[in-house]
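Take a look at the structure below.
In the text below, chain A, chain B and the rest are named by the order of the sequence lines, each starting its count at 1.
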Amino acid sequence: MPWVSLHHADRVVCSAFCQPRFIMNLKEQIELAVAQSFERLGVTDSPPVVKQAQRREFGHYQVNGVMGAAKTAKTNPRELATKVTEALDLPMAAKLEVAGPGFVNVHLDATSIAEQLDLLGNDVSLPSPEPRHFAVDYSAPNLMKEMHIGHLRTNAIGDSIVRVLEAVGHQVTRVNHVGDWGAQFGSLLAYLDQLHTTEISTELKDLEVFYQSASKLFKSDEAFAERARGYVVRLQSGDEQCMKLWRQFIEESIQHCQEVYKRLDISLTREDIHAESAYNDDLPIVVAELEQQGLIEESDGALCVFLDEFTGKEGNPLPAIVRKSDGGFPYMATDLAAVRYRAEKLRADTVLYVVGAPQQLHLKQVFAVAQAAGYLTDQEFRHLPFGSIMKSDGKPFKTRDGAEVKLIDVIDEAVARAHQLVKEKNPDLSEEKHRTIAEIVGVGAMKYAELSKNRGTDYIFDWDILLSFEGNTAPYLQYAYTRIQSIFRKAGVTPGDLRGKITLREPAELDLGVKLLQFPEAIETALEDYQMNILCNYLYELSGQFMSFYEHCHILKQTDQGIQQSRLRLAAMTANTLQQGLGFLGIKTVDRM
RNA sequence: GCGCCCGUAGCUCAAUCGGAUAGAGCAUCGGCCUUCUAAGCCGAGGGUUGCAGGUUCGAUUCCUGCCGGGCGUACCA
């Protein structure tokens, strides 16, 4: 039986005659065996439900599906579990036991695990789902202002999702839907216009200060406010001199963004920018198309789409306003135009919006109106909301607090702290090395702090937690990696030189070996709901497993050549997995730190 | 008022979608550097998962009610 298909997966995997990198992962192998065992016993319609065991004493994997099956079949769960175990053809299991109300605990066999590791060589196996075209909308800063700490989430999460999707073979379009249009630009342009050419570049250096000076003038100086309003009109009507100023400002602001991306190692480039203003010409068309569909109603002078499912205060119908009473277009219109573009022009199969949770209702409306307008056929448009960052008192950051923490300042602080530490830990390295390492470690810590949290929940901003280098942090993973590099330096070999097979004698070796084989499972689980914290968790556990192995199974002191080669191979595979996994998170590794 | 999200150890967070005795990190306490980098390892203490019911073999997870917090709720984005 060369080909077998898994009922729950949308792909076919082969068991015998194909490349090692396409072998099933451990969980799938067990699932398949349990499913076959169920079949032999005449149990149908019950999934095996195989999971990694939560406690080591329960084996490596546990089968939870027997209890559900027993319920449907109205039989005793423990008896059924015993039968399933007897009918189970799973050579890779060293021991199977029925436990608790009807669990089957699977203890894996060291020899089989070693064989599977040998099949991989020094490669890392990845899931290979059916390729799709993804568009991922993330980052999307407002170009009026500089990015603040709140922008870290969409950048870190979005960029990581993009990297993982690409790694498993999907086509990915990065979309940076920057805010470069709107009434607020009036005062910025008016302010820009009254500067002397010599002052412009210095003034724009700090966008935050620029923005604040302009809005202060807008409030205090009536003549200035009047000019600002005039600029809005001129901007919207495409006045050439005004557009020139606007382009100058936008250019400068994009420059700022790209610098931050570069610093943060975010993979967005200028080519990924598809700004709000790019849809300007589409906005009247979208409204006209909605009109043709009979979806538009006028209300208080605004053009609206009312859908039954949306109600506002006091149960009143809640409109999706696509044109304001003053004739301007709100972001509902822009976002609809963006949906239309992404579905019809970009032809993406799945579009992910990595946008904060407060936008939930808005995006729900956007998708619903787009659906009603016929822009969507079978594409999947999904909002991936993330929680807000709160202040230490648990209250959310408000724009008016003015005390928002600039993203670039957080980066500087992270790098400064890392620099201090690496100088202290490794004084022999050159200053240049110190700086390079500090940049990678500091930025890694920041990004990992974001990624390792469940994306849905709000969390509290705290310098010391965000910039911690101990425990479950990126530096811990990077440190595990440097320890491995150090071993190879001292041994004077490179992973490519390694000969010999893997043998897993010590418990620490077996646990590390199993953990290594679970990488594709972690990726798969993380992609189910685009939760990168699951990948973080895996990498942390892998590092922990390695650290334990490192302490208990000395490598260079080992006199038995076979054992030493085996351990070096385990170390090499760990390093490889860590580097790839961290790469998926947008975090680099260093050879020393 | 209505809708969505949340409430877990002193603090910050997990818990792979209903599984076993709820896990980490930080902080606290105790061990481990003449041995591959101590950003580390080994161990200890710390919990009525906001409260009260319900569903079932089994609930942090699902349902109902209450308490507390956040966000949203027509022309800012």
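Side-chain contact check for A/Gln579 and A/Thr589: at least one donor-acceptor pair (N or O, by modelled atom type) lies under 3.5 Å.
In this structure, B/C33 shows a glycosidic angle within 90 degrees of zero, which is the syn conformation.
Sorted by residue number, the members of residues 312-326 of chain A with any non-hydrogen atom under 4.0 Å from RNA chain B read A/Gly312, A/Lys313, A/Glu314, A/Leu318, A/Pro319, A/Ile321, A/Lys324, A/Ser325.
Classified by interplanar angle (parallel below 30°, tilted 30° to 60°, perpendicular above 60°), the ring pair A/Tyr540/A/Tyr476 is tilted. Taking the six-membered ring where the residue is Trp, A/Phe549 and A/Phe546 present tilted rings, their angle falling between 30° and 60°. Ring pair A/Phe519/A/Tyr538 is tilted by interplanar angle, where 30° to 60° counts as tilted.
Between A/Glu521 and A/Lys27 there is no salt bridge, since none of the side-chain N atoms of the basic residue sits less than 4.0 Å from a carboxylate O of the acidic one.
For B/U64 and B/U55, the P atoms lie 15 Å apart once the distance is rounded to whole Å. Between B/A9 and B/G47, the distance separating the two P atoms is 10 Å to the nearest Å. Comparing B/G10 with B/U56, their C1' atoms are spaced 36 Å from each other, to the whole Å.
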### Query
When Watson-Crick pairs (N1 to N3 and N6-O4 or O6-N4) and G-U wobble pairs (N1-O2 and O6-N3) count only below 3.5 Å on both distances, what is the dot-bracket string of RNA chain B, with | for other-strand pairs?
(((((((..((((.....[...)))).(((((.......))))).....(((((..]....))))))))))))....
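With A/Tyr353 as reference, A/Val339 is the one residue of A/Thr154, A/Val339, A/Asp335 to meet the side chain to side chain contact (heavy atoms under 4.5 Å, CB included) rule.
Rounded to a whole Å, the CG atom of A/Asp335 is 15 Å from the P atom of B/C76. In this structure, A/Glu57 atom CD and B/G19 atom C1' are separated by 14 Å, rounded to whole Å. The nearest whole Å value for the distance from the CD atom in A/Glu470 to the P atom in B/U12 is 19 Å. Atom C1' of nucleotide B/U12 and atom OH of A/Tyr459 are separated by 11 Å, given to the nearest angstrom.
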Short heteroatom pairs, N/O only, protein and nucleotides 5-9 of chain B, under 3.5 Å:
none

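Checked against B/U37, B/A20, B/G72, the side chain of A/Pro358 finds its nearest nucleotide in B/G72. With B/U37, B/C17, B/C41 as the candidates, the nucleotide lying closest to the side chain of A/Lys51 is B/C17.
At a cut-off of 3.5 angstrom, counting only N and O atoms as typed in the model, there is a donor on one side and an acceptor on the other between the side-chain of A/Arg55 and the base of B/U21.
Within a 6.0 Å sphere centred on CG of A/Asp326, other residues, nucleotides and ligands contribute more than 12 heavy atoms.
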